[in-house]
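Report on the following structure.
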Amino acid sequence: QVQLVESGGGLVQAGGSLRLSCAASGRAFGWYGMGWFRQGPGKEREFVATIGSSADSTDYADSVKGRFTISRDNGKKTVYLQMNSLKPEDTAVYYCAASRTPGISTMLYNYNYWGQGTQVTGSS
């Protein structure tokens with residue numbers, strides 16, 4: 001069982017930066033593939049970024065490539081999402097997710113555990 005708690009969300013002007021953190025509980029964090037998803041107002045939840053269990057592979061949604069960076073610290077049981085050059089369209093609730101599959105995955109249904117989400121609002 002894994003519990004996930006996101007933090008770091010907030011209001012930021014267009015072009016600004018935020019770093020989201022996701023702290024995990026449980027013994028097997030280092031075995032899990034991790035991902036970030038987001039859900040904007042009136043939209044379905046969508047993939048943002050994913051990282052493998054040993055951080056040897058990552059993948060990003062086209063809309064965030066070159067602006068967002070996912071990373072993890074298995075010793076601290078934490079995954080991060082560094083968001084730069086934020087745009088108003090990045091406004092969403094951002095969710096951290098853990099998959100029992102150690103590789104990367106862009107698919108929502110591959111994730112077994114979810115955090116409660118943190119709000120990110122980009123203002124124009």
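We number each residue from 1, following the sequence as shown.
Hydrophobic clustering keeps Y94 apart from L108 (ILVMFWY residues linked when any side-chain heavy atoms are closer than 4.5 Å, directly or through intermediates). The hydrophobic clustering, which links ILVMFWY residues whose side-chain heavy atoms are closer than 4.5 Å, places W114 and F29 apart.
A 4.5 Å side-chain heavy-atom check between L81 and T69 finds every atom pair outside the cut-off. Proximity of S57 to I51: side-chain heavy atoms (C-beta onward) are nowhere separated by under 4.5 Å. Put simply, the side chain of V2 does not reach to within 4.5 Å of the side chain of R100, judged on heavy atoms. For the pair L4 and M34, the minimum side-chain heavy-atom distance is below 4.5 Å. Residues M83 and L20 meet the side-chain proximity criterion, which asks for heavy atoms closer than 4.5 Å. Between W36 and F68 there is no side-chain heavy-atom pair separated by less than 4.5 Å. Side-chain contact between T91 and V120 is absent, with no heavy atoms from C-beta onward closer than 4.5 Å. When side chains are defined from C-beta on, S71 counts as touching Y80, because their heavy atoms get closer than 4.5 Å.
Not one N or O on the side chain of R38 forms a donor-acceptor pair closer than 3.5 Å with the backbone of A92. For E6 (side chain) and Q116 (main-chain N/O), a donor-acceptor pair under 3.5 Å exists by modelled atom type. Judged by distance alone, the side chain of T50 and the main-chain N or O of G35 form no donor-acceptor pair under 3.5 Å. N74 places a side-chain N or O within donor-acceptor distance of the main-chain N or O of S53, the cut-off being under 3.5 Å.
Looking at every heavy atom in both residues, A14 comes nearest to P88 through CB-CD, 4.2 Å. Between C96 and V79 the shortest heavy-atom distance is SG-CG1, 3.7 Å. Counting all heavy atoms, side chain and backbone alike, A55 lies closest to R72 at CB-CG, 4.0 Å. Considering every non-hydrogen atom in both S123 and L11, the closest pair reads CB-CD1, 4.1 Å. The shortest non-hydrogen separation linking S105 to N110 is OG-ND2, 2.7 Å.
Taking CD of Q13 as the start and OG1 of T121 as the end, the distance is 13.0 Å to the nearest 0.5 Å. Y60 OH to T106 OG1: the interatomic distance, rounded to the nearest 0.5 Å, is 14.0 Å. Atoms CZ and CG, from R67 and L86 in turn, are 6.5 Å apart once rounded to the nearest 0.5 Å. The NZ atom of K87 sits 8.0 Å away from the OG atom of S63 when rounded to the nearest 0.5 Å. Atoms CD and NZ, from Q3 and K77 in turn, are 11.5 Å apart once rounded to the nearest 0.5 Å.
The aromatic rings of Y32 and Y113 sit perpendicular to each other, their planes meeting at more than 60°, with 30° as the lower class boundary.
The closest side-chain donor-acceptor pair between D73 and T78, if any, does not fall under 3.5 angstrom. Between Y109 and S99, the side chains place no donor N or O within less than 3.5 Å of an acceptor N or O (distance only, hydrogens not considered).
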Does Y111 form a ring-ring contact (aromatic ring centres under 6.0 Å, His included) with F37? I'd like the steps, not just the answer. CA-CA 11 Å; Y111 289 84; F37 291 77; 5.2 Å; yes

From CA spacing to verdict: side chain to side chain donor-acceptor pair (under 3.5 Å), N84, S17: CA-CA 4 Å; N84 298 330; S17 298; 2.9 Å; yes

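Look at K65 and D62 and you find a salt bridge, because one of the NZ, NE, NH1 or NH2 atoms lies within 4.0 Å of a carboxylate O, short of that distance.
Under a cutoff of 6.0 Å and an axis angle of 45°, R45 and Y95 form a cation-pi pair.
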